[in-house]
Amino acid sequence: MVFPIAGGTQDTGYEISNSLRFNDDDSAYLSRTPSSASNRKTWTWSSWIKRSNISLNMVLFSADDSTGHGIYLDTSDKLYLTKSGVGNYGIDAQLRDVSAWYHIVVAVDTTQTGMSNIVKFYINGVQRTASGTTLYSTNDDTNINNNSVHNIGRFSKNSSFYYDGYLSEVNFVDGSQLTPSSFGETNDNGVWIPKKYTGSYGTNGFYLQFKQTGTSANSSGMGADTSGNDHHFTPSNLAATDVTEDTPTNNFCTMNPLAIGADATLSEGNCQIAYGNGTRSVSTANMGFASGKWYWEWKISAASTDGCSAMPGIGALPFGPDLGTYLGTNSDGYSYNGEDGQKYNGGANSSYGNNFTTNDIISVAFDADNGNLYFYKNGTIQNSGTAAYTGLTSPSSGFYYPAIGDASGVKTFTAQANFGNAPFTISSGNSDANGYGNFEYAVPSGYYAICTKNLAEYG
């Protein structure tokens, strides 16, 4: 299949190991107040972002004293530099692909003349034409790099516009207006990919790799600065589970907000789905497969007391198979129902395994090469190891996708998807044979996490 993201090929160069997942409903952010102001005229922000929610105001980086400044995405999904009380200056390109990692560079130098020279925007290595309010005149000071609070993931001035998505490889360079070539390069396939920044960070610069899981502003914290400056950030409303392996060099599967069922909502980086009691419907993930062997897990984090109506499985259509019904109504949907433990396909159901409910983890293993679909409950394969379905052939749409549906339409449940980037605490820790993913239960031999490295090799 085609990968609309960086890292969709088997590149063997610079690899990024981690990202940090922000959930706007949690009001999650990082904060730091520099001990002193530095170069407020010239600086560069570089980050890779993978959005989870769109059409909302959300801030990537901001600073505040009497006038807030920030880099943000507006409700039309366009990138701007904002100065509160003055206006916005930004680009018309819409960053709306929630399956993609984008590289963003905002480079400022107010010693230049004219806004097109003072503020430059780059997306995936390409400079974009900007327009809007004249925020700065020559030699103006910005609030960025002042000795006031700086936030990553929200607007500092009024504690608003929380970011929703993933951030990775965050570089802030104090004193230089840089181009994207300092942080990335084009590979042999014409794809813009990361490379390690090797220049100076200046006095207040920082580099966040998100390799640690602590909650303090130190070298063990998730906001640790590894530039050598030790400008560590304090995390707020972030947990160890928000440090993930989903990165620009190995993009992991998530649920697809364009293919969620009626009365369903996504959160936690599109790895958690909550169904209300409105109607039956089906939701699918954003990566599919026509070959290979694939493994993922669902944790039921909440369910109605009279039974869990979750139906995990696979569906053939990328935009909501069985939409408006349950997973297994038509011939391209296959599921395992928590209410009765039965399997469903083509409108028919039959005995299969045990029912399941809150705190149970249901694993799905799909052998797309041979068309065999297996389910596990809390690590135990169901039906004495016999596949729920065998000999499944490629559907007319070409790909099967991980899916989950609601069996009843009158019950509620919340399920957390783990495609290797779990939003829930893992008590054991298991990766696939390639070392990718973090799963509660051992990955069956020959099966792999759903990520672009593995899809490039086996999918």
Side-chain angles (χ1 to χ4, degrees), residues 18 20 22 27-47 59-72 81-86 104-111 118-119 135-136 139-163 167-178 182-183 196-238 242-243:
N18 293 95
L20 189 61
F22 294 74
S27 301
Y29 66 100
L30 300 168
S31 64
R32 174 181 176 267
T33 302
S35 59
S36 61
S38 186
N39 193 327
R40 297 171 61 189
K41 294 178 173 61
T42 309
W43 49 267
T44 301
W45 164 271
S46 168
S47 178
V59 167
L60 301 175
F61 181 52
S62 68
D64 175 47
D65 52 20
S66 59
T67 303
H69 289 210
I71 301 169
Y72 87 110
L81 186 63
T82 187
K83 184 177 180 182
S84 63
V86 178
I104 290 175
V105 174
V106 180
V108 174
D109 183 4
T110 70
T111 67
I118 290 173
V119 181
L135 301 182
Y136 310 115
N139 289 321
D140 277 353
D141 281 331
T142 71
N143 265 15
I144 304 294
N145 246 343
N146 201 359
N147 58 340
S148 57
V149 65
H150 286 58
N151 285 169
I152 295 172
R154 75 170 184 177
F155 197 44
S156 304
K157 182 174 175 58
N158 53 14
S159 303
S160 62
F161 300 162
Y162 288 91
Y163 178 63
L167 294 182
S168 187
E169 195 75 357
V170 176
N171 286 276
F172 177 74
V173 179
D174 173 3
S176 298
Q177 185 187 47
L178 301 175
S182 294
F183 311 99
K196 185 172 179 59
Y197 174 67
T198 57
S200 170
Y201 282 91
T203 302
N204 278 340
F206 54 84
Y207 174 35
L208 307 186
Q209 294 181 281
F210 309 121
K211 289 186 174 182
Q212 306 298 325
T213 58
T215 56
S216 299
N218 55 35
S219 59
S220 298
M222 60 187 76
D225 170 27
T226 56
S227 71
N229 285 340
D230 289 333
H231 294 325
H232 309 303
F233 280 71
T234 300
S236 294
N237 304 315
L238 289 156
D242 294 317
V243 176

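This one's a predicted model, so the numbers in the text were calculated from it and none came from an experiment.
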- Task: Check the pair F233, M222 against side-chain contact (heavy atoms from CB on, under 4.5 Å), reporting the backbone distance first and the verdict last.
- Result: CA-CA 8 Å; F233 280 71; M222 60 187 76; over 6 Å; no
- Please lay out, stage by stage, how S38 and W43 fare under the test side chain to side chain donor-acceptor pair (under 3.5 Å). CA-CA 10 Å; S38 186; W43 49 267; over 6 Å; no
- Checking side chain to side chain donor-acceptor pair (under 3.5 Å) for the pair T234/S31: CA distance, chi angles, key distance, verdict? CA-CA 5 Å; T234 300; S31 64; 4.7 Å; no
- Could you go step by step and tell me if S220 and Q212 meet the side chain to side chain donor-acceptor pair (under 3.5 Å) rule? CA-CA 5 Å; S220 298; Q212 306 298 325; 5.2 Å; no
- Quick one: do K41 and D109 satisfy salt bridge (Lys or Arg N to Asp or Glu O under 4.0 Å)? Show the steps, please. CA-CA 6 Å; K41 294 178 173 61; D109 183 4; over 6 Å; no
- Message: Go through it in stages, so that I can follow the logic: the residues are S159 and R154, the test is side chain to side chain donor-acceptor pair (under 3.5 Å), and I'd like the CA-CA distance, side-chain angles, deciding distance and then a yes or no.
- Response: CA-CA 6 Å; S159 303; R154 75 170 184 177; 3.2 Å; yes
- Item | Audit row: Y136, V119, side-chain contact (heavy atoms from CB on, under 4.5 Å) steps and yes/no | CA-CA 9 Å; Y136 310 115; V119 181; 4.1 Å; yes
- Could you please spell out the steps behind the side-chain contact (heavy atoms from CB on, under 4.5 Å) verdict for V59 and I71? CA-CA 6 Å; V59 167; I71 301 169; over 6 Å; no
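To the nearest 0.5 Å, atoms CZ (F183) and OG1 (T198) are separated by 10.0 Å. Considering CG of D64 and CG of N146, their distance stands at 9.5 Å, rounded to 0.5 Å. A distance of 9.5 Å separates OG of S46 from CD1 of I104, quoted to the nearest 0.5 Å. Here the CG atom belonging to N158 is positioned 8.0 Å from the OG atom belonging to S84, to the nearest 0.5 angstrom. Taken to the nearest 0.5 Å, the CZ atom of F210 stands 6.0 Å off from the CG atom of L30.
Closest of all the heavy-atom pairs between L238 and L20 is CD1-CD2, 4.0 Å. Nearest heavy-atom pair, S47 versus V170, reported as atom, atom and distance to 0.1 Å: OG-CG2, 3.4 Å.
Using a 4.5 Å heavy-atom cutoff, the side chains of H150 and T33 are not in contact. Side-chain contact between H231 and P34 is absent, with no heavy atoms from C-beta onward closer than 4.5 Å. Between L81 and L135, some side-chain heavy-atom pair lies under the 4.5 Å cut-off. No side-chain heavy atom of N204 sits less than 4.5 Å from a side-chain heavy atom of F206. Between T142 and D140 there is no side-chain heavy-atom pair separated by less than 4.5 Å.
Ring-centre distance between Y162 and F155: not below the 6.0 Å cut-off. Outside the 6.0 Å centre-distance limit, the rings of W45 and F172 are not counted as a close aromatic pair.
Side chain to side chain, E169 and Y207 meet the donor-acceptor criterion of an N or O pair below 3.5 Å. T42 and Q177 form no side-chain donor-acceptor contact under 3.5 Å, judged by distance and modelled atom types alone. A donor and an acceptor atom, one from each side chain of D174 and N39, are nowhere located under 3.5 Å apart. Remark: the H232 side chain and the R32 side chain contain no N/O donor-acceptor pair separated by less than 3.5 Å.
A donor-acceptor pair is defined here as one N or O able to donate and one able to accept, closer than 3.5 Å; no such pair exists between the side chain of H69 and the backbone of I144. At distances below 3.5 Å, not a single donor-acceptor pair connects side-chain atoms of S216 with backbone N or O atoms of N218. Looking only at distances, a side-chain donor or acceptor of S168 sits under 3.5 Å from a matching main-chain atom of N18. In this structure, the side chain of N229 engages the main chain of G205 through a donor-acceptor pair within 3.5 Å. A distance-only check finds no donor-acceptor pair linking the side chain of S176 to the backbone of L178 [under 3.5 Å]. Under a 3.5 Å cut-off, the side chain of S148 and the backbone N or O of A63 do not form any donor-acceptor pair.
Checked options N237, L167, D242; the residue passing with F22 is L167 (criterion: side-chain contact (heavy atoms from CB on, under 4.5 Å)). Just one residue in the list D225, T44, N171 forms a side-chain hydrogen bond (donor to acceptor under 3.5 Å, both in side chains) with Y201, and that residue is N171.
Enclosure of atom NZ in K211 is not indicated, since only 12 or fewer non-hydrogen atoms of other residues, nucleotides or ligands lie within 6.0 angstrom.
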